[in-house]
Amino acid sequence: MAGEWLAYGELGLAVIGFAPFALHRWSCNKWANNKLLCPQSSSKLPITILLPVWNESLIIEKKLSNIANQNFDVDLFVIDSASTDDTVEKINSWLNDFPDAFNDYQIVRMEERLGKTKAVMHAMDMLENFSGIIVMTDADSMMEPDSLNRINRWFSNPQIGAVGGTPNRIGNLKTEDNYRDIYAKLRVGESYHDSTPFLEGSLLAWRSSSVSSQDLYSKSNADDAQIATAIRLNGLRSIQDPDLIFKDYMPLTNKDQRRQKVRRAQGLVRLLVRKRRHWFSRRLGRFSSILKVNAWMHIFSPILIAGATVMGILRNITYLTESNLMLVLSSVEFYCIVSWLLARTNRSIFGFKTVGTVLCGLENLFVAIVYAGMGKSLHMWDQHQEIRKLISDDD
Ligand code: GDP
Ligand code: MN
């Protein structure tokens, strides 16, 4: 009898836990048909490039060349959080060598490293009187030609507050491609329907007037998602453009990949929790449903699936009885375990990869939630140095 109850419990939690993935995927596929087009004409707004850096000596010159190669008139604003290497010296000497690369530039050095979010907030304050487009970009991501032109055109649509790029991640982790394919579809679908709460700071542009540092919370990471969400809450749209591509490198090992994903997951979870009163806000219209389903996926699903897993384990070690229900359940459990193990060891096999990617994502979210519960905040992190070495060797 107890076995049956465990089975129903497990099944119930699993269905409620997985439902938003199926539902939201379906919605986003539908919304993606209603494409939002990038305007043809320039917004004529000035652009300032915001470059937050911490110990990027290995790659900073490549990054500056990448921006300059856009051949677009821009200002440069660098915010450095007490780098201990010669990042800033290298920037200065590069600017000496290429004095025409930027209209104007400013390099701000913070005395202490307090995390990227804090640095971005400081930069926002200093750029308070700038009225135009701020394009934030990570040192380890590279823009495709013509990106700044495309970004500039987006802002001639007065509804647009933020535009985020779509990653082209280089590397051998097959699961990283699965993550990207799954999540990029969601972000783009949400964008066409209304807005996405999650954009990537690797390449993120916004209208300077649409967000201020007071909208951000410095002790959490995911500054990028915080900006995207705040802009929508302030009344403009935040969208991910599938044709605005940036190139970056994925971590080299599964372990590094997990470390990065757990950290980012925690930023998203904490953002959703802080914005919980908007999940049911009528004023926000479609965006509140988007927040709601993401809260379900990022906060409740990991806990529900963890609960289902515990029930499944209990049932299997204590009350294994033969019935049709148990047989079905055991096959589903087996399929899930195989999918999860394959994804966890970075094997991508047709028929298993989507479920495996979702399960690994849930695992990372669950770890992030547990860390947050224990008061362990991941808003400052060690750099992925192997990525920097790869970029500096790459021609
Ligand atoms: P990941 O891609 O999420 O693993 O993050 P990265 O380590 O690549 O960092 C993204 C960008 O933020 C890079 O340009 C870093 O140099 C920069 N960054 C990271 N931490 C800090 C910080 O504490 N202060 C500042 N100013 N920049 C930071
Ligand atoms: Mn990076």
Side-chain angles (χ1 to χ4, degrees), residues 10 13-14 16-21 24 115-117 167 169 171 173-180 182-183 186-187 197-198 200-201 217 219-226 229 250-276 293-314 333 336-348 352-384 386-387:
E10 180 188 351
L13 294 184
I16 306 172
F18 283 125
F21 291 90
H24 198 42
K116 186 184 168 202
T117 308
R169 292 225 154 90
L173 295 178
K174 295 196 192 71
T175 49
E176 193 66 46
D177 296 334
N178 300 338
Y179 274 110
R180 189 208 42 212
I182 293 175
Y183 289 103
L186 299 185
R187 301 291 85 90
F198 305 149
E200 265 198 62
Y217 177 76
K219 292 214 171 56
S220 182
N221 59 2
D223 51 285
D224 41 16
Q226 293 196 51
T229 301
M250 50 182 86
L252 299 191
T253 64
N254 291 358
K255 199 166 153 238
D256 282 338
Q257 182 195 36
R258 263 202 307 282
R259 174 162 71 92
Q260 190 180 55
K261 294 225 179 295
V262 167
R263 158 168 53 90
R264 289 188 174 163
Q266 192 185 63
L268 302 186
V269 168
R270 293 173 70 189
L271 171 65
L272 288 165
V273 171
R274 280 201 308 281
K275 301 296 175 196
R276 60 191 172 279
V293 74
N294 277 300
W296 186 359
M297 292 166 78
H298 290 80
I299 305 167
F300 299 104
S301 292
I303 297 170
L304 293 167
I305 298 302
T309 308
V310 171
M311 287 184 141
I313 294 171
L314 282 178
E333 280 168 352
C336 287
I337 291 171
V338 172
S339 307
W340 174 70
L341 281 175
L342 286 171
R344 196 104 184 351
T345 50
N346 232 312
R347 275 172 275 233
S348 175
F352 293 93
K353 66 179 188 190
T354 304
V355 171
T357 307
V358 168
L359 282 169
C360 283
L362 285 167
E363 180 197 350
N364 294 334
L365 282 159
F366 187 73
V367 174
I369 292 169
V370 172
Y371 281 166
M374 298 186 327
K376 180 169 165 183
S377 175
L378 307 170
H379 68 290
M380 272 197 273
W381 60 89
D382 294 335
Q383 197 173 61
H384 293 270
E386 63 303 336
I387 294 179

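For the numbers below, each heavy atom of this structure counts, side chains included, while hydrogens, waters and symmetry mates do not.
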Inset, instruction - Carefully, step by step, assess R270 and Q226 under the rule side chain to side chain contact (heavy atoms under 4.5 Å, CB included). - result: CA-CA 10 Å; R270 293 173 70 189; Q226 293 196 51; over 6 Å; no
What's the spacing between [X] [atom1] and [Y] [atom2] if we round to 0.5 Å?
{"X": "N364", "Y": "R263", "atom1": "CG", "atom2": "CZ", "result": "12.0 Å"}
{"X": "I303", "Y": "L362", "atom1": "CD1", "atom2": "CG", "result": "11.0 Å"}
{"X": "I337", "Y": "L342", "atom1": "CD1", "atom2": "CG", "result": "12.0 Å"}
{"X": "W340", "Y": "T309", "atom1": "CH2", "atom2": "OG1", "result": "9.0 Å"}
{"X": "Y217", "Y": "H379", "atom1": "OH", "atom2": "NE2", "result": "9.0 Å"}
{"X": "F352", "Y": "T357", "atom1": "CZ", "atom2": "OG1", "result": "13.0 Å"}

Inset, instruction - Please list, chain by chain and in numerical order, all residues satisfying salt bridge (charged side-chain N to carboxylate O under 4.0 Å, His left out) with R274, sequence neighbours excluded. - result: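 Result, salt bridge (charged side-chain N to carboxylate O under 4.0 Å, His left out) vs R274: none returned.
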Inset, instruction - Any chance you could lay out the side chain to side chain contact (heavy atoms under 4.5 Å, CB included) test for C336 and L359, step after step, and finish with the verdict? - result: CA-CA 8 Å; C336 287; L359 282 169; 4.0 Å; yes
Taking atom [atom1] of [X] as the centre, does the number of heavy atoms from other residues, nucleotides or ligands within less than 6.0 Å exceed 12?
{"X": "K353", "atom1": "NZ", "answer": "no"}
{"X": "Y183", "atom1": "OH", "answer": "yes"}
{"X": "F366", "atom1": "CZ", "answer": "no"}

Any donor-acceptor pair under 3.5 Å linking the side chain of [X] with the backbone of [Y]?
{"X": "R258", "Y": "K255", "answer": "no"}
{"X": "N221", "Y": "G267", "answer": "yes"}
{"X": "S301", "Y": "F18", "answer": "no"}
{"X": "T229", "Y": "P197", "answer": "yes"}
{"X": "H298", "Y": "N294", "answer": "yes"}
{"X": "Q266", "Y": "K376", "answer": "yes"}

Heavy-atom side-chain proximity of [X] to [Y] below 4.5 angstrom:
{"X": "N346", "Y": "Q257", "value": "yes"}
{"X": "I369", "Y": "P302", "value": "yes"}
{"X": "L272", "Y": "F198", "value": "yes"}
{"X": "Y179", "Y": "K261", "value": "yes"}
{"X": "E10", "Y": "L314", "value": "no"}
{"X": "Q260", "Y": "W381", "value": "no"}

Legend entry - Verdict with reasoning, L186 to M297, per side chain to side chain contact (heavy atoms under 4.5 Å, CB included): CA-CA 12 Å; L186 299 185; M297 292 166 78; 3.8 Å; yes
Please report the closest heavy-atom contact between [X] and [Y], naming both atoms and the distance.
{"X": "P251", "Y": "E386", "answer": "CA-OE2, 4.4 Å"}
{"X": "E333", "Y": "G312", "answer": "OE2-CA, 3.8 Å"}
{"X": "T175", "Y": "A343", "answer": "CG2-O, 3.3 Å"}
{"X": "L365", "Y": "A265", "answer": "CD2-CB, 3.7 Å"}

Legend entry - Residue list, ring-ring contact (aromatic ring centres under 6.0 Å, His included) with F21, at least two apart or on another chain: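 Listed in chain order: nothing, the list is empty.
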Legend entry - Test: D256 and R259 ion pair at under 4.0 Å: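 Yes, this pair counts.
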Inset, instruction - Decide yes or no on salt bridge (charged side-chain N to carboxylate O under 4.0 Å, His left out) for E363 and R344, but give the supporting numbers first. - result: CA-CA 10 Å; E363 180 197 350; R344 196 104 184 351; 2.8 Å; yes
